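Worksheet: one structure, shown below.
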Amino acid sequence: MAAAAPSATALAGAALPLPLSARPQPARFSVALPRTAPPPPALRLRSVRRLAAAEGGTPGMKETLDKVVSAHKVVLFMKGTKDFPQCGFSHTVVQILRSLDVPFETLDVLANDALRQGLKDYSSWPTFPQLYIDGEFFGGCDITLEAYKSGELQETLEKAMCS
């Protein structure tokens, strides 16, 4: 049996959402405010962020990034977190890695400008996400997606997990 439509009198007192054009618009300022991010869940990632922020693009950034990518079998530098990606490309790579049931660490490049620029220099790759497997730069979203479709990503990850 189909449910009866509510009567007009029943809807009269209900609060309906305003269309977007009728909602008050927030004031826009031309002042650039610094980005703040919630603290990362793991202490080791927090200390890496502090190191990267303190080094601010100095030659020590390379050593810091070397430590990060060699400390884990799979590391994804992305916009946002694995639970809340901030761009579609990062979301795609997270979904690929999850579908393969691979343990991986993530670092949010939006939380630290020095880290973001340092990674571009470190990998000679201008965009994010950046996937590192077994200490080596693997690629961005397009490369990871193609490797996933061809089976190359699965092979590379299996070798990395066995080493």
Side-chain angles (χ1 to χ4, degrees), residues 20 23 25-26 28-163:
L20 289 177
R23 293 181 186 171
Q25 297 297 315
R28 296 182 188 253
F29 298 97
S30 61
V31 177
L33 299 174
R35 249 183 214 265
T36 59
L43 179 60
R44 66 184 176 274
L45 297 180
R46 197 172 329 147
S47 62
V48 167
R49 285 188 180 152
R50 278 193 211 127
L51 282 171
E55 292 169 0
T58 63
M61 177 66 81
K62 181 187 180 319
E63 287 77 24
T64 300
L65 293 171
D66 282 340
K67 288 178 189 175
V68 173
V69 299
S70 63
H72 308 284
K73 294 288 185 181
V74 181
V75 181
L76 180 64
F77 293 94
M78 60 180 286
K79 293 179 179 177
T81 64
K82 67 172 86 172
D83 294 323
F84 193 64
Q86 295 293 304
C87 84
F89 300 112
S90 294
H91 177 74
T92 298
V93 176
V94 166
Q95 292 306 310
I96 289 171
L97 293 173
R98 283 185 169 161
S99 75
L100 297 173
D101 199 27
V102 175
F104 64 101
E105 295 294 328
T106 62
L107 280 146
D108 182 7
V109 298
L110 296 176
N112 186 310
D113 289 335
L115 175 63
R116 184 169 55 246
Q117 186 56 47
L119 270 165
K120 289 179 183 181
D121 297 338
Y122 181 76
S123 65
S124 300
W125 194 261
T127 59
F128 294 97
Q130 293 184 11
L131 179 62
Y132 287 79
I133 300 173
D134 212 14
E136 297 291 323
F137 177 63
F138 186 81
C141 180
D142 292 341
I143 291 171
T144 302
L145 184 58
E146 288 304 314
Y148 173 71
K149 289 177 181 177
S150 72
E152 177 190 352
L153 179 61
Q154 293 88 326
E155 290 176 20
T156 303
L157 288 168
E158 285 174 12
K159 288 177 189 172
M161 293 302 144
C162 293
S163 65

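If you're wondering where the values come from, they're calculated on a predicted model, not measured in any experiment. Values below: all heavy atoms of this structure, side chains included; hydrogens, waters and symmetry mates excluded.
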Spacing of [X] atom [atom1] and [Y] atom [atom2] [to the nearest 0.5 Å]:
X	Y	atom1	atom2	result
Leu119	Ser124	CG	OG	11.5 Å
Thr92	Met78	OG1	CE	10.0 Å
Leu65	Lys67	CG	NZ	11.0 Å
Thr64	Leu115	OG1	CG	9.5 Å
Thr81	Leu110	OG1	CG	10.5 Å
Lys79	Leu107	NZ	CG	15.5 Å

| remark: Exactly one candidate in Thr106, Val74, Thr144 meets side-chain contact (heavy atoms from CB on, under 4.5 Å) with Leu97; the answer is Val74
Output side-chain donor-acceptor pairs under 3.5 Å for residues 127-139, partner residues at least two apart or in another chain, one line each.
unit_1 : atom_1 : unit_2 : atom_2 : d
Thr127 : OG1    : Trp125 : NE1    : 3.2
Gln130 : OE1    : Ser123 : OG     : 3.0
Gln130 : OE1    : Tyr132 : OH     : 3.4
Gln130 : NE2    : Ser123 : OG     : 3.3
Gln130 : NE2    : Trp125 : O      : 3.0
Gln130 : NE2    : Thr127 : O      : 3.2
Asp134 : OD2    : Ser163 : OG     : 3.1

| remark: Tightest non-hydrogen contact, residues Leu157 and Leu100, listed as CD1-CD1, 3.6 Å
| field | Shortest non-hydrogen separation from Val68 to Phe77 and the atoms involved | value | CG1-CZ, 3.8 Å
| field | Test salt bridge (Lys or Arg N to Asp or Glu O under 4.0 Å) applied to Asp83 - qualifying residues, sequence neighbours left out | value | Arg98
| Any donor-acceptor pair under 3.5 Å linking the side chain of Ser90 with the backbone of Gln86? | no
| request: Flag the pair Lys62 / Asp121 as yes when at least one side-chain heavy-atom distance between them is below 4.5 Å, and no otherwise. | output: no
| Lys82 vs Leu76 side-chain heavy atoms within contact, under 4.5 Å | no
| remark: In short, ring-ring contact (aromatic ring centres under 6.0 Å, His included) pairs touching residues 85-104 with sequence neighbours left out are none
